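As the structure is a prediction and not an experimental result, all values here were calculated from the model.
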Amino acid sequence: MKVKFFTVKSKSERTSIYIRFWDSNRIDLKTKTGLTVNQSDWNQKRQEVKNNISATDRDFNNTKLRELKNFVLEKYNIDYNSNNLINENWLKTKVNEYFDRKDESEFFKVYLSDWIQKFIDEVNDRNSKGSKYSPVRIQRFKVVQNKFKIFEENTNKKFNFCEIYYKL
């Protein structure tokens with residue numbers, strides 16, 4: 001099994017760094033890492049960012065690529081030997097897992113406004129001390145949601161749970 005990083009020439013100066021993972025003839029997967037680099041700063045032979053003064057994110061990108069390579073190989077060994085399915089989505093999932101990226105269906109775990117929306121969507125399945133929430137209480141939840149949306153629009157920021165704390 002091998003891991004290779006590469007870029008594809010594009011019209012813009014910055015280009016995405018891709019990862020390719022293959023194991024003989026059984027598996028050959030490719031996906032974007034989410035990292036970008038100036039095309040002139042990429043060393044195709046060494047599969048890393050060149051040691052140029054213009055490459056200000058060189059250390060960060062090279063460290064992340066080395067760690068990602070080790071992570072993918074480790075996860076492959078675990079998944080392959082556990083008879084888990086390794087298909088075209090496996091590599092993309094592992095890259096997102098390494099960078100701790102969430103897909104849209106999991107935004108409620110990160111952003112407060114998405115959590116509020118999920119809570120309101122599922123409010124009929126919940127209960128308060130053994131009884132269903134009243135329509136008035138559900139309306140109050142929606143008022144809080146609308147006020148929070150207005151606050152986010154005025155601040156031009158989407159707040160995550162890490163940024164919200166309570167003063168005691």
Side-chain angles (χ1 to χ4, degrees), residues 1-122 145 148-149 151-165:
M1 67 199 126
K2 294 183 181 181
V3 174
K4 178 182 176 182
F5 297 103
F6 64 96
T7 61
V8 178
K9 295 208 185 259
S10 66
K11 293 179 182 179
S12 65
E13 187 176 325
R14 290 198 68 83
T15 184
S16 295
I17 300 173
Y18 288 81
I19 182 172
R20 179 179 177 210
F21 176 77
W22 73 98
D23 186 12
S24 64
N25 292 332
R26 292 179 295 145
I27 300 168
D28 190 0
L29 307 171
K30 293 177 244 179
T31 191
K32 287 184 180 182
T33 62
L35 301 172
T36 61
V37 66
N38 286 336
Q39 290 182 15
S40 60
D41 293 334
W42 182 251
N43 185 333
Q44 197 71 28
K45 184 177 179 182
R46 295 188 67 190
Q47 302 172 34
E48 63 181 22
V49 181
K50 293 178 185 175
N51 192 5
N52 291 345
I53 294 174
S54 63
T56 56
D57 55 356
R58 174 190 74 238
D59 293 333
F60 175 79
N61 280 343
N62 288 341
T63 301
K64 289 296 182 185
L65 293 174
R66 280 190 296 275
E67 290 173 357
L68 178 59
K69 178 179 181 177
N70 293 334
F71 180 82
V72 167
L73 291 172
E74 179 183 325
K75 292 298 182 179
Y76 173 75
N77 284 330
I78 292 169
D79 289 348
Y80 181 76
N81 291 311
S82 300
N83 290 326
N84 292 337
L85 179 64
I86 298 175
N87 59 13
E88 60 275 354
N89 293 323
W90 180 86
L91 184 60
K92 186 174 186 176
T93 302
K94 295 307 170 192
V95 168
N96 288 337
E97 183 180 327
Y98 170 75
F99 286 107
D100 197 28
R101 296 179 186 136
K102 307 286 185 213
D103 63 358
E104 288 186 29
S105 65
E106 295 185 339
F107 277 174
F108 73 93
K109 295 178 182 177
V110 178
Y111 297 109
L112 182 60
S113 58
D114 292 315
W115 180 85
I116 293 170
Q117 181 61 52
K118 182 171 174 50
F119 181 85
I120 290 172
D121 292 343
E122 296 176 353
Q145 178 189 31
F148 194 72
K149 280 183 181 179
F151 177 70
E152 283 186 331
E153 289 171 5
N154 288 334
T155 58
N156 291 325
K157 182 172 172 96
K158 194 165 181 166
F159 291 91
N160 64 32
F161 286 109
C162 298
E163 298 170 329
I164 298 173
Y165 62 93

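- A distance of 12.0 Å separates CD in Glu74 from CD in Glu67, rounded to the nearest 0.5 Å.
- Glu152 has no carboxylate O lying under 4.0 Å from a charged side-chain N of Lys149, or vice versa, which leaves the two without a salt bridge.
- Listed here is the closest heavy atom pair of Val72 and Leu91: CG1-CD1, 4.0 Å.
- Between the CG atom of Leu112 and the CD1 atom of Ile116 there is a distance of 4.0 Å, given to the nearest 0.5 Å.
- Counting heavy atoms from C-beta outward, Phe99 and Leu35 have side chains that approach closer than 4.5 Å.
- Partners of Asp57 by side chain to side chain donor-acceptor pair (under 3.5 Å), not counting sequence neighbours, listed by chain and number: Arg14, Asn61.
- Asn62 and Val49 get closest at one heavy-atom pair: OD1-N, 2.8 Å.
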* **Step-by-step side chain to side chain contact (heavy atoms under 4.5 Å, CB included) determination, Phe21 to Ile27** => CA-CA 8 Å; Phe21 176 77; Ile27 300 168; 4.1 Å; yes
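- Across Phe6 and Ile19, no two heavy atoms sit closer than the pair CE2-C, 4.3 Å.
- The CH2 atom of Trp90 sits 9.5 Å away from the NZ atom of Lys75 when rounded to the nearest 0.5 Å.
- Separation of atoms CD (Gln117) and CD (Glu122) is listed at 10.5 Å; rounding is to 0.5 Å.
- Under the 3.5 Å distance criterion, the side-chain polar atoms of Glu13 are left unmatched by any main-chain donor or acceptor of Asn38.
- In this view, Ser10 and Ser12, Thr15, Gln39 satisfy the side chain to side chain contact (heavy atoms under 4.5 Å, CB included) rule, not counting sequence neighbours.
- More than 12 heavy atoms of other shown residues, nucleotides or ligands fall within 6.0 angstrom of atom CD1 in Ile78.
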* For side chain to side chain contact (heavy atoms under 4.5 Å, CB included), just list the numbers for Arg66 and Thr63, CA-CA rounded to whole Å, side-chain angles, deciding distance to a tenth of an Å, and then say yes or no. => CA-CA 5 Å; Arg66 280 190 296 275; Thr63 301; 3.6 Å; yes
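- No more than 12 heavy-atom neighbours from other residues, nucleotides or ligands sit within 6.0 angstrom of NZ on Lys92.
- Closest heavy-atom contact between Phe5 and Gln47: N-OE1, 3.0 Å.
- When every heavy atom of Ile17 is checked against every heavy atom of Val37, the shortest pair comes out as CG1-CG1, 3.9 Å.
- Ring geometry for Tyr76 versus Tyr80: interplanar angle under 30°, hence parallel rather than tilted (30 to 60°).
- A donor atom on one side chain and an acceptor atom on the other are not found under 3.5 Å apart for Asn52 and Arg58.
- The CZ atom of Arg26 sits 8.5 Å away from atom CE of Met1, with the distance rounded to the nearest 0.5 Å.
- Using a 4.5 Å cut-off on side-chain heavy atoms (C-beta onward), Asp114 and Lys118 make no contact.
- Minimum heavy-atom separation, Lys94 to Phe71: O-CE2, 3.3 Å.
- If you take CG on Asn96 and OG1 on Thr33, they are separated by 10.5 Å, rounding to the nearest 0.5 Å.
- Here Phe60 pairs with nothing under the ring pair (Phe, Tyr, Trp, His ring centres under 6.0 Å) rule; sequence neighbours left out.
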